[in-house]
Amino acid sequence: MAYVGVDLSEEAVKIASRKTNNPIFHCSDINHYTPPRSFDVIVFNESLQYVPNTPAKLLEYAEFLTPGGVIVTSLYSHKNQQDPDYAMVEHKIQEMESCGWFEVVDKVSLFNHKAGLKWYIHVLQPNHTAEK
């Protein structure tokens, strides 16, 4: 198996890189990174908050999926509906689920009641018959 890890934080990349001898971790911005090859799974962990058009960005990365590959997304928000992040994340979730570009293979929501946080996790597969 081959992995590639990408993070915006140079410090996170340094810490991860110390755990392997393989040069698999890179520092880059989600909006400018180009994967080096195709993958079976591409994971966006708490990074989609930083893209203006979530479905379009996911579609860009879907070009780097192997046939049958999936995208896994993780977005978190405060449970407090008055928090500005709440509306932004809810909008991104609706965009991903309703754009027609992806099939929602599975999804789950997790709650951390003590911290007042909610995570949305989706497994998406490109809908190759949808109009883009």
Side-chain angles (χ1 to χ4, degrees):
M1 286 193 189
Y3 302 92
V4 173
V6 182
D7 200 295
L8 185 60
S9 166
E10 287 185 31
E11 188 60 28
V13 169
K14 284 179 190 175
I15 291 168
S17 294
R18 284 188 219 127
K19 298 179 181 190
T20 180
N21 292 329
N22 299 326
I24 59 174
F25 296 103
H26 308 277
C27 186
S28 188
D29 181 319
I30 187 174
N31 292 301
H32 301 102
Y33 181 73
T34 301
R37 60 182 187 77
S38 294
F39 295 92
D40 297 328
V41 179
I42 297 176
V43 179
F44 293 92
N45 185 38
E46 300 178 15
S47 57
L48 294 174
Q49 286 93 329
Y50 306 103
V51 298
N53 184 332
T54 304
K57 185 56 63 180
L58 292 175
L59 200 57
E60 285 179 35
Y61 279 91
E63 296 294 321
F64 294 94
L65 287 173
T66 58
V70 297
I71 292 175
V72 178
T73 67
S74 170
L75 288 158
Y76 80 93
S77 180
H78 295 275
K79 290 188 315 180
N80 176 358
Q81 295 182 8
Q82 306 308 311
D83 188 290
D85 283 343
Y86 179 87
M88 181 264 301
V89 169
E90 292 293 323
H91 178 74
K92 287 185 176 290
I93 297 297
Q94 183 193 6
E95 281 183 321
M96 288 188 320
E97 291 182 355
S98 65
C99 70
W101 298 347
F102 300 94
E103 173 191 345
V104 179
V105 177
D106 204 355
K107 65 180 180 177
V108 67
S109 297
L110 301 171
F111 299 92
N112 180 324
H113 296 281
K114 187 174 182 180
L117 296 174
K118 179 179 181 180
W119 277 266
Y120 299 91
I121 301 165
H122 284 74
V123 178
L124 306 170
Q125 203 162 40
N127 181 353
H128 296 290
T129 61
E131 287 189 35
K132 310 301 190 274

Inset, instruction - Report yes if some heavy atom in the side chain of Val104 is under 4.5 Å from a heavy atom in the side chain of His122; otherwise report no. - result: yes
Inset, instruction - Establish whether Met88 and Leu75 are linked, either directly or via other cluster members, by ILVMFWY side-chain heavy-atom contacts under 4.5 Å. - result: yes
Inset, instruction - Output the rest of the hydrophobic cluster of Val43: all Ile, Leu, Val, Met, Phe, Trp and Tyr residues reachable through side-chain heavy-atom contacts under 4.5 Å, sorted by chain and number. - result: Val41, Val70, Val72, Tyr76, Val105, Val108, Leu110, Leu117, Trp119, Ile121, Val123
Legend entry - From CD (Glu46) to OG1 (Thr73), nearest 0.5 Å: 11.0 Å
Legend entry - Nearest non-hydrogen partners of Pro55 and Asn53, listed with the distance: CD-OD1, 3.3 Å
Legend entry - Check: Gly68 main-chain N/O paired with Gln125 side-chain donor or acceptor under 3.5 Å: yes
Inset, instruction - Go through the structure and list residues passing salt bridge (Lys or Arg N to Asp or Glu O under 4.0 Å) with Lys57, not counting sequence neighbours. - result: Glu60
Legend entry - Spacing of NZ belonging to Lys14 relative to CG belonging to Asp7, to within rounding of 0.5 Å: 13.0 Å
Inset, instruction - Search all heavy atoms of Ile42 against all heavy atoms of Tyr61 and return the closest pair with its distance. - result: CD1-O, 3.4 Å
Inset, instruction - Would you check if Leu48 and Met96 make a side-chain contact, meaning some heavy-atom pair closer than 4.5 Å? - result: yes
Inset, instruction - State the CH2-CG distance between Trp101 and Leu59, to the nearest 0.5 angstrom. - result: 5.5 Å
Legend entry - Distance in Å, Phe102 CZ paired with Glu95 CD, rounded so as to fall on 0.5 Å steps: 11.5 Å
Inset, instruction - Please determine, by modelled atom types, if Ser77 and Asp85 share a side-chain donor-acceptor pair under 3.5 angstrom. - result: no
Inset, instruction - Return each pair, listed once, that meets side chain to side chain donor-acceptor pair (under 3.5 Å) where at least one residue sits in residues 21-32; pairs must be two or more places apart or across chains. - result: Asp29-Asn31
Legend entry - Over 12 non-hydrogen atoms of neighbours within 6.0 angstrom of CD in Gln94: no
Legend entry - Heavy-atom check, side chain of Leu65 versus side chain of Asp40, under 4.5 Å: no
Inset, instruction - Without swapping roles, check the side chain of Lys92 against the backbone of Val51 for a donor-acceptor pair under 3.5 Å. - result: yes
Legend entry - Tyr50 atom OH, neighbour heavy-atom count above 12 within 6.0 Å: no
Inset, instruction - List the steps and the verdict of side-chain contact (heavy atoms from CB on, under 4.5 Å) for Val89 and Tyr120. - result: CA-CA 9 Å; Val89 169; Tyr120 299 91; 3.8 Å; yes
Legend entry - Closest heavy-atom pair and its distance - Leu8, Cys27: O-SG, 3.2 Å
Inset, instruction - Taking the side chain as every heavy atom from C-beta outward, state whether Phe25 and Ile15 have any pair of such atoms under 4.5 Å apart. - result: no
Inset, instruction - Supply the atom-to-atom distance Ser17 OG to Lys19 NZ, rounded to the nearest 0.5 angstrom. - result: 10.5 Å
Legend entry - Heavy-atom check, side chain of Lys107 versus side chain of Leu124, under 4.5 Å: no
